[in-house]
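These notes concern the structure reproduced below.
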Protein chains: 2
Amino acid sequence: MATIKDVARVAGVSIATVSRVVNKGPKVGQRTRDKVLSVMNELGYTPNANARALVTQKSTTIGLVIPDLSDPFFAALASGVDKIAKDSNVQLLISTSSMSAESEKQAIDLLVERRCEAIIIHSKLLAETTLIELSQRIPGLILIDRFIESINDRCVWLDNLEGGRIAARHFASLGHKQIACINSNYSIDDPKLRLEGFRLALVEQALKLENDMVSENEPSLKGGEIATQKLLASGKPFSALFAYNDAMAIGAISTLEDNGFKVPQDVSVIGFDDVILSRYSRPKLTTLHYPIEEMAQNAAKLALSFAANEQADVVRNYLPRLIKRESTA
Amino acid sequence: MATIKDVARVAGVSIATVSRVVNKGPKVGQRTRDKVLSVMNELGYTPNANARALVTQKSTTIGLVIPDLSDPFFAALASGVDKIAKDSNVQLLISTSSMSAESEKQAIDLLVERRCEAIIIHSKLLAETTLIELSQRIPGLILIDRFIESINDRCVWLDNLEGGRIAARHFASLGHKQIACINSNYSIDDPKLRLEGFRLALVEQALKLENDMVSENEPSLKGGEIATQKLLASGKPFSALFAYNDAMAIGAISTLEDNGFKVPQDVSVIGFDDVILSRYSRPKLTTLHYPIEEMAQNAAKLALSFAANEQADVVRNYLPRLIKRESTA
DNA sequence: TTGAAAGCGATACCAC
DNA sequence: GTGGTATCGCTTTCAA
C-alpha cells in the first residue's frame, strides 16, 4: 500500500508538502497541489489513520460497549451513537460484552487500547467502584442506562421506578383490580426498580399486587410465555399484566390467546421499551417508550464533548412515556 | 496516558524488556517480569494499539459496511461478523452508508484508512467495476448479499430467484389460484429476482400472476400496508400474497385483518428474511429464512483468511429455506 | 511556498 | 536475559 513517501518521491516533492495537500493545509502552490493530487490518485494513496492517530494523539474514534448487537434495543442504541459519530466524523468501534463483569471490563480495555477519545458504556455488571475509577482515567467516558450518584454528570439514564408507576396508574385508570406482573429474573437493578415503582403506585391507588401474582423468567419472548403459563397455572384470575419488556409482553399475549383469553378484552398487557417489535405485534402493544436512540445520541454528544474538554448541554435523565396502543383497555 | 517509556523508566529497564513482558515474549527473568508488571499496574499502562498497528503493519480490526444498524436484518448481519471478530481477537469497526453510491464508497474508504485487514461490504449501489477494482486492491475484501461473477470467490450471497420459486411452489401445493405480490420499489436486483423466480415457478404450475396483482412500495411495515390497500382497492380477489420481506408481510396482515380478511383462512401470506419480527407477529409468519447471521459469519471468516493469504473453506452461496408457521394454509 | 528533521509509541533485530 | 536502536507513516515546528 502506497505511503506518503511514495507519493512524495513520485511527485518530486517533500513528504511535508504531501501532508499539506492531504490535510488541505494552506500555502501550497496550485501547480504542486495538482501534481501531488494526481500522483496520489495514480498510486491509490490512502492516508494511514493509525500513523496519523499516533502523531496527532487523537484517534477520531468513538467506542461503544454493549452486550449484544442483535437485540433490537441495543441495535437502536448503537444506531443512535452511530448517527452522532457520523455527524462528528469519527469512526464507530463496537465491543460486545457477554454477560459478565470481566467480559465488560475486557471490552472496555480493547477500546482504551485503541485510544478512542469517547467511550459509551452500557454496563450492568461492573462494580460501581470500577466504573468510577475508569471515568477518572478516561475523560470521554459516559455510562448509558446506569446511574451512579457520584459521577452522575457522566451518566445518561432512564427512571425505571417511574416507569413502573406509570404502568400502575394506567391500569388503575382503566379500573383494573386483579393485577399481575411478569418480571425479568436477571440480578440487575432494572427489574427491581420497575416492580417497586409498580407496587408503590398501586398502593397509592388502594390496589395491591399479590406476591404470587409476580412471575419471573428470562426477559425474552419465551420467558414471557413461560412466566405467563405459570401465572395461569396458579389459577388466580387477573385482568391486567405488566411485563418487564416488550418481548415478554408479546410472549404473554401469545400464551394468553392460546389459552382462550382475548387481549385486551379479557386481559390488558403493558410492555416496556417500545422496541420495534411492539409496533409489529398484533394487537399492537401498549408500552412504555424508552427513548434509547435519543439517549444514545446524547450520550455520544456528551462523551465527545467531555473528550474535548468542553461543556455539552444535553438532557441526561429521561422519563419513560406511556404509548397507548391496542393491548390495554 | 502512560507509555512504554514511562514504564521502562520507572521499572529501571529498557523499553525492549517492557515490550517483551507485554507481549508475553520468552526469556524474561521472573524478577524483572514481576517488577515490570507491577509498574504497569501502578501506572495504569495500556498499550497503544495505533502504535502497535503502525509497526506491525496489522491493525487487528475487521470493518463492516452496512446501510443501517437499527434494521433487524443488518443488526443480525453485524452480530454474525462480531462473533467471528471476537473469536479471532479483532476489533469490529462499523461504517454505515446511507443509500447512495458515494456514501458507500466513503464508508469503505474510512475502513481502508484504518487499515482494517478484513472488510465485509454490503453494497447494493456501488458499480460492479468499482467493487472489482477495490477487491483487487484489498485482499481481505468480501461482498455480502451481492454476486459478481468475476469475483465470485469474494462473494457470499443468497439465491433470491430460488426464494421466489419456493414461495410459488408453496402456494401451489396449498391449492391457491388467485395470487398476488407486494414488492419493494427500490431499484436493486433483489426485488426483481424474487419476483422473477415467483413468476417462473408459478408458470410451471400452470398458474399466473396478473400484472395488476403486483403492488410496489417501500419495503417497510407502512409500505406493506399501503401496497396491500392498493391491491384491495383494485377489487380483484386473491387468496395468496407473497411479500418482499417480513416487514411488508406484517403490514399486509395488519391491513388484511383491518379489512375483515382472516390470515391464513382467507388469505395466506409469505414473508421473506425470517427476521426476528416474524416470530413475534400474530399469526406467526410463514417466511423464507435468510440465514444472514451464518452468512455474515462465513463472510467474516473468509475475509480474515483472505487477508492472511490463506484458504478458508466455507459455504458462499445460500438457498433460502421455507419456514412454515401460521400465516399460510 | 517548500523542505529537513524531530518525534508519536510501539516492535524486532542485533549485540552483548 | 537484557539493552540499543532502526523503523512503521504521518504531523508539525523551524528554517530557508
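Only heavy atoms go into these numbers, but all of them, side chains included; no hydrogens, no water, no symmetry mates. Please read these numbers as outputs of a predicted model, since none were measured by experiment. Each chain gets a letter, A, B and so on, in the order the sequences are listed, and its residues count up from 1.
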* State, with a plain yes or no, whether a side-chain heavy atom of A/E117 is found less than 4.5 Å away from one of A/T60. =>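 Yes. Closest side-chain heavy atoms under 4.5 Å.
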* Test item: B/V315 and B/E294 side chains (from C-beta on) under 4.5 Å apart, heavy atoms ->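 Not touching, per the 4.5 Å side-chain cut-off.
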Could you state the atom-to-atom distance from [atom1] of [X] to [atom2] of [N] in whole Å?
X     : N      : atom1 : atom2 : value
B/K35 : D/dG1  : NZ    : C1'   : 18 Å
B/R9  : D/dG3  : CZ    : P     : 15 Å
A/Q57 : D/dT13 : CD    : C1'   : 16 Å
A/I15 : D/dT11 : CD1   : P     : 9 Å
A/K58 : D/dC10 : NZ    : C1'   : 16 Å
A/K27 : D/dT13 : NZ    : P     : 14 Å
B/N48 : D/dG9  : CG    : C1'   : 14 Å
A/R52 : D/dT12 : CZ    : C1'   : 13 Å

Give [X] one of three labels, base, sugar-phosphate or nothing, depending on what nucleic acid heavy atoms sit under 4.0 Å from its own.
X     : answer
B/V18 : nothing
A/T17 : sugar-phosphate
A/N23 : sugar-phosphate

* Asked: Which nucleotide of DNA chain C is the first, and which the last, in the 5' to 3' direction, to come under 4.0 Å of a heavy atom belonging to chain B?
  ->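 That gives a stretch of C/dC8 to C/dC13.
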* Under 30°, 30 to 60°, or over 60°: which ring-plane class applies to B/F73 and B/Y290, parallel, tilted or perpendicular? ->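 Ring orientation, 0 to 90° scale: perpendicular.
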Identify each donor-acceptor pair in which a side-chain atom of residues 92-99 of chain B lies under 3.5 Å from a protein atom, sequence neighbours left out, and give them as a table.
residue, atom, partner, partner atom, Å
B/S95, OG, A/Q91, OE1, 3.0
B/S95, OG, B/A107, O, 3.2
B/T96, OG1, A/D82, OD1, 3.3
B/T96, OG1, A/D82, OD2, 2.6
B/S98, OG, B/S103, OG, 3.3

* To do: Carefully, step by step, assess B/R9 and B/D6 under the rule salt bridge (charged side-chain N to carboxylate O under 4.0 Å, His left out).
  => CA-CA 5 Å; B/R9 187 169 29 76; B/D6 300 322; 2.9 Å; yes
* Classify the side chain of B/R31 versus the base of D/dG1 as yes if they form a donor-acceptor pair under 3.5 Å and no if they do not. =>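 No such pair is found, so the answer is no.
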* What are the two closest heavy atoms between B/L77 and B/A296, and how far apart are they? ->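 Closest approach of B/L77 to B/A296, heavy atoms only: O-CB, 3.2 Å.
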* Asked: Taking for each residue the nucleotide of DNA chain D with the nearest heavy atom, is it A/A2 or B/A16 whose nucleotide lies nearer the 5' end?
  ->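 Between the two, 5'-proximity favours B/A16.
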* **Toward the 5' end of DNA chain D, by each residue's nearest nucleotide, B/Q30 or B/T56** =>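 Upstream on the strand: B/Q30.
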* Is the side chain of A/S88 donor-acceptor paired with the backbone N or O of A/I84 at a distance under 3.5 Å, no angle test? ->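 Side chain of A/S88 to backbone of A/I84: a pair is present.
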